[in-house]
Amino acid sequence: MLTSILPPLLPTSSILFDYYDPPISSFNVNGGRADAEARLSITSTCFSILALQAQAPNENQEVILDSYTAVLNANWRETDMFQAPLILKTILTALPSQKKTTEFLETMPEAVRAKIPLLINSLISNRPRRRDGRHQKLSCYINYQITAALALLHSEIDTFPPELLPPDVLEDLEMALVRSSEVAHDALCRQLAFHAAKDDTSYDPTKLIYSLLAYVTTSSDQVQMRILPQLPVLNMNIVRLGVTNYFSTQKSNGYFPRGQAIYKTIRGSRDIHNSYVYCPDTLTEAVNKLPLSCLVPVMPQLTAMVEGLCADFINGPVRGFSSNHFPPNSPPTAWATAQVTSYLSSYRDLVMKLLNNSVLSSLSNVYPMPKLLSADKRFNKFDSLLDSDLGTTTLKPLLRDKLIQPHLDHSPNAPYSVILHGPPGTAKTTVVEAVANALGYNLLTITTSTFLTNGIENSISRIVEVFDQLEDLQDTVVLFDEIEEFCLDRSITDNPSSRMLTTTMLTVINNLRKKSNCVFFFVTNRIRAVDAAVKRAGRFDLVAFVGTPALKGRVEMLERALDKTDGVQDKEAVVKAVGEAYDEGWMEHSFKYITYLENSKVIDKIVAAAKEGVVGKQTAMDIIEAQTEKMTIRDDVREEYDATEFIGRW
């Protein structure tokens with residue numbers, strides 16, 4: 001199981017709270033030691049906020065908000081190219097999405113609000129310059145931090161309060177990303193050449209890894225340009241070679257060589273311990289930014305870093321970590337502890353992702369989430385669904401408000417299990433696919449055949465095996481498609497094998513729900529055949545009927561079809577006539593029971609008739625009436641529809 005391969009030490013938020021100072025609502029560098037001064041450290045507070053958010057997004061929101069506010073109100077300088085990208089990253093990532101609003105930012109003093117556009121302009125002005133070639137004025141580390149902050153702003157620009165953006169910022173922002181990409185690519189290739197030539201004087205692993213990270217961050221795979229031409233596609237050969245070269249420099253204790261300083265010029269002696277990059281910070285960015293295929297080969301090195309950090313944990317009055325650039329026995333610091341916490345969180349997430357992929361690859365019927373879909377595009381499939389009535393509400397608002405949005409907001413009360421029931425042909429599977437798209441999750445389908453892989457006599461052990469794997473899944477929607485044969489109502493069967501299957505399913509469904517890892521749907525045409533204990537709250541959070549499209553949805557479907565059709569006169573009249581026909585025959589002529597696919601055939605015939613002349617109400621009635629003679633929902637199926645239409649819980 002997952003816990004057996006995670007590192008033995010994962011600092012909890014309580015360790016970071018050794019450095020939290022409530023009177024100033026922020027984190028100080030030295031924590032609770034007697035000689036610690038109660039003063040706000042912008043760097044330590046930003047790193048701590050990001051670490052708390054990475055480790056447990058739903059927890060400590062009050063502390064995060066207070067610390068965030070303290071940072072924004074502190075005396076920071078937008079011209080400090082170490083602090084500025086860190087502050088912008090914190091602004092963009094530290095708060096839940098609903099907090100990133102003009103309403104919240106308007107509570108800040110005007111002086112602070114005025115500094116944010118200046119900060120953004122300062123970052124753009126200090127971007128890497130092509131004309132500077134290999135003699136960039138800032139270090140590769142700072143160039144990367146600027147690039148990453150600007151790329152993040154670019155991805156969030158539609159939700160960022162426009163009054164806090166500089167005028168006409170998008171073109172300047174995209175130009176900055178283009179130049180950053182060019183400079184990073186050149187610097188990366190230069191370091192690869194030094195390494196190949198065994199030029200140890202010129203080769204610098206810190207320059208290599210941060211040039212590589214900037215190159216990956218600004219590839220067309222990561223950034224969708226809007227004004228300027230597209231950024232180049234990643235050259236995966238270069239990326240893989242860069243990863244291999246960097247990790248080949250790892251020492252036996254898990255750490256990496258010191259490399260280029262954070263600032264290219266340092267006052268006084270260069271032996272200033274916090275002037276060099278602490279490698280957990282580097283590896284956090286590597287794990288979060290590099291393609292998964294490049295990380296798999298270096299998992300032993302990533303694990304060696306974890307083991308080295310676990311060995312260096314300082315378990316004193318103030319717990320935490322100290323940078324390996326400090327002398328031995330140096331006390332822990334907030335920023336180092338926060339960077340380690342972020343790395344261990346990223347390592348944990350990587351292990352879980354690899355385990356996730358392993359489970360998905362061992363089971364068939366996986367529908368991967370298309371890459372790089374924006375939030376708006378992810379909802380395209382969901383928005384195109386035809387809604388169906390649920391009495392007091394309809395299906396789409398129920399799923400959006402009760403399921404999808406709580407997960408997007410990382411709500412601790414988000415539901416994880418749903419029963420969708422209804423007659424054949426009502427697009428229940430399509431609804432689940434649309435939910436997976438909206439969440440940005442993979443979709444895994446489990447069918448009867450999944451449980452019969454080892455033969456019917458071994459189905460119980462196979463059920464337990466499959467559910468044991470499913471418990472470790474993350475960012476996945478699991479669809480149990482018509483598996484009611486494995487959980488039939490025990491009150492109406494004397495078959496001991498069937499009763500044993502149902503009892504087994506009760507246990508494994510309960511365990512899967514308790515894990516709260518993956519979202520899972522149970523889809524059935526026969527809700528009344530399913531054992532009552534399976535349907536109970538505690539195993540399934542939501543139960544909803546998926547019926548035929550509501551009248552409004554049918555009209556919208558016709559409107560979309562007419563919009564794509566030329567040669568139809570008076571489209572509004574056609575829509576009105578069809579709407580009236582459906583309304584009149586909804587119950588009287590059983591138009592209500594026409595399914596989505598059957599309605600598509602109706603629409604095709606109405607559009608064809610409309611191209612020949614205006615379709616009146618009677619023409620529409622005749623076309624719809626003809627379809628009812630071939631409808632799926634009739635006889636026993638209709639009786640089941642009417643009997644289960646109002647079975648639901650939400």
Side-chain angles (χ1 to χ4, degrees), residues 385-399 402-403 415 417-432 447-448 479-495 498-499 501-502 505-506 509 520-554 582-599 602 624-625 627-650:
L385 293 174
L386 295 190
D387 212 352
S388 60
D389 289 320
L390 291 175
T392 58
T393 184
T394 56
L395 183 65
K396 286 173 65 176
L398 171 69
L399 293 175
K402 297 284 188 178
L403 177 68
S417 52
V418 184
I419 293 178
L420 294 182
H421 67 96
T426 52
K428 294 183 290 296
T429 300
T430 303
V431 169
V432 178
T447 62
T448 301
L479 165 62
F480 295 102
D481 194 9
E482 298 184 18
I483 62 166
E484 55 266 29
E485 293 300 329
F486 293 92
C487 44
L488 292 174
D489 189 344
R490 290 168 294 177
S491 67
I492 59 174
T493 179
D494 294 326
N495 186 319
S498 177
R499 294 175 68 87
L501 284 171
T502 298
M505 289 293 286
L506 288 173
I509 290 173
F520 60 98
F521 284 81
F522 186 102
V523 169
T524 178
N525 298 334
R526 299 184 295 141
I527 186 69
R528 292 190 293 177
V530 177
D531 193 270
V534 173
K535 298 178 281 189
R536 263 183 217 141
R539 289 189 176 89
F540 285 95
D541 305 312
L542 306 175
V543 179
F545 178 75
V546 183
T548 56
L551 176 57
K552 181 181 177 182
R554 297 175 193 268
Y582 255 123
D583 190 36
E584 183 175 314
W586 191 250
M587 294 303 298
E588 183 178 347
H589 299 283
S590 301
F591 291 175
K592 165 186 176 179
Y593 299 104
I594 293 175
T595 65
Y596 174 84
L597 290 177
E598 293 164 352
N599 194 71
V602 169
I624 302 170
E625 186 81 48
Q627 187 62 50
T628 63
E629 298 175 4
K630 309 169 190 175
M631 65 168 51
T632 304
I633 302 176
R634 60 175 64 248
D635 304 328
D636 292 345
V637 177
R638 184 175 300 181
E639 191 237 336
E640 180 76 10
Y641 187 111
D642 293 337
T644 61
E645 182 176 9
F646 299 107
I647 294 178
R649 186 184 67 251
W650 51 83

Apply side-chain contact (heavy atoms from CB on, under 4.5 Å) to His589 and Thr628, showing your working.
-> CA-CA 8 Å; His589 299 283; Thr628 63; 5.7 Å; no

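- Rounding to the nearest 0.5 Å places CD of Glu484 at 7.5 Å from OG1 of Thr448.
- Panel note: side chain Glu598, backbone Thr632; a donor-acceptor pair is recorded below 3.5 Å.
- When all heavy atoms of Leu395 and Ala544 are compared, the pair lying nearest together is CD1-CB, 4.0 Å.
- Between the CH2 atom in Trp650 and the OG1 atom in Thr392 there is a gap of 5.0 Å [rounded to 0.5 Å].
- When every heavy atom of Leu390 is checked against every heavy atom of Leu398, the shortest pair comes out as CD1-CD2, 3.6 Å.
- How far CG of Asn495 is from CG of Leu501: 8.5 Å, rounded to the nearest 0.5 Å.
- No donor-acceptor pair closer than 3.5 Å links the side chain of Lys402 to the backbone N or O of Pro415.
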Give the intermediate values and the outcome of side-chain contact (heavy atoms from CB on, under 4.5 Å) for residues Val637 and Tyr593.
-> CA-CA 10 Å; Val637 177; Tyr593 299 104; over 6 Å; no

Could you walk me through whether Phe521 and Val431 pass the side-chain contact (heavy atoms from CB on, under 4.5 Å) test, one step at a time?
-> CA-CA 10 Å; Phe521 284 81; Val431 169; 5.6 Å; no

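- Residues Leu386 and Lys396 approach most closely at C-CD, 4.4 Å, considering heavy atoms.
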Could you tabulate the donor-acceptor pairs under 3.5 Å formed by side-chain atoms of residues 417-424, not counting sequence neighbours?
from: Ser417; atom 1: OG; to: Arg539; atom 2: O; distance (Å): 2.7
from: Ser417; atom 1: OG; to: Asp541; atom 2: N; distance (Å): 3.0
from: Ser417; atom 1: OG; to: Asp541; atom 2: OD2; distance (Å): 3.2
from: His421; atom 1: NE2; to: Ile647; atom 2: O; distance (Å): 2.8

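- Annotation: salt bridge (charged side-chain N to carboxylate O under 4.0 Å, His left out) contacts of Asp387 (sequence neighbours excluded): none.
- Pairing each heavy atom of Leu551 with each of Trp586, the nearest pair is N-CH2, 3.6 Å.
- Annotation: salt bridge (charged side-chain N to carboxylate O under 4.0 Å, His left out) contacts of Glu640 (sequence neighbours excluded): Arg528.
- Residues passing the side chain to side chain contact (heavy atoms under 4.5 Å, CB included) test with Arg649, sequence neighbours excluded: Ala537, Phe540, Val543.
- No donor-acceptor pair under 3.5 Å is formed between the side chain of Ser388 and the backbone N or O of Val546.
- Side chains of Phe522 and Val530 form a contact here, defined as non-hydrogen atoms less than 4.5 Å apart.
- In this structure, Ile483 and Met505 have side chains that are in contact, with non-hydrogen atoms separated by less than 4.5 Å.
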Take Tyr596 and Thr426, measure what side-chain contact (heavy atoms from CB on, under 4.5 Å) needs, and give me the verdict at the end.
-> CA-CA 6 Å; Tyr596 174 84; Thr426 52; over 6 Å; no

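- The shortest distance between side-chain heavy atoms of Ile633 and Lys592 does not fall below 4.5 Å.
- Under a 3.5 Å cut-off, the side chain of Thr447 and the backbone N or O of Asp481 do not form any donor-acceptor pair.
- Considering every non-hydrogen atom in both Glu485 and Arg526, the closest pair reads OE2-NH2, 2.7 Å.
- Summarising the geometry, atom OG belonging to Ser491 is positioned 8.5 Å from atom CZ belonging to Arg499; distances are rounded to the nearest 0.5 Å.
- Under the rule for a side chain to side chain donor-acceptor pair (under 3.5 Å), the partners of Glu584 that lie at least two apart in sequence or sit in another chain are Lys617.
- Contact between Thr430 and Leu385 at its shortest, heavy atoms only, is CG2-CD2, 3.8 Å.
- In this structure, Arg554 contributes its side chain and Pro549 its backbone to a donor-acceptor pair below 3.5 Å.
- Listed by chain and residue number, nothing satisfies the salt bridge (charged side-chain N to carboxylate O under 4.0 Å, His left out) test with Glu625 (two or more places apart in sequence, or in another chain).
- Within the 4.5 Å cutoff, the side chain of Val602 has no heavy atoms near those of the Phe591 side chain.
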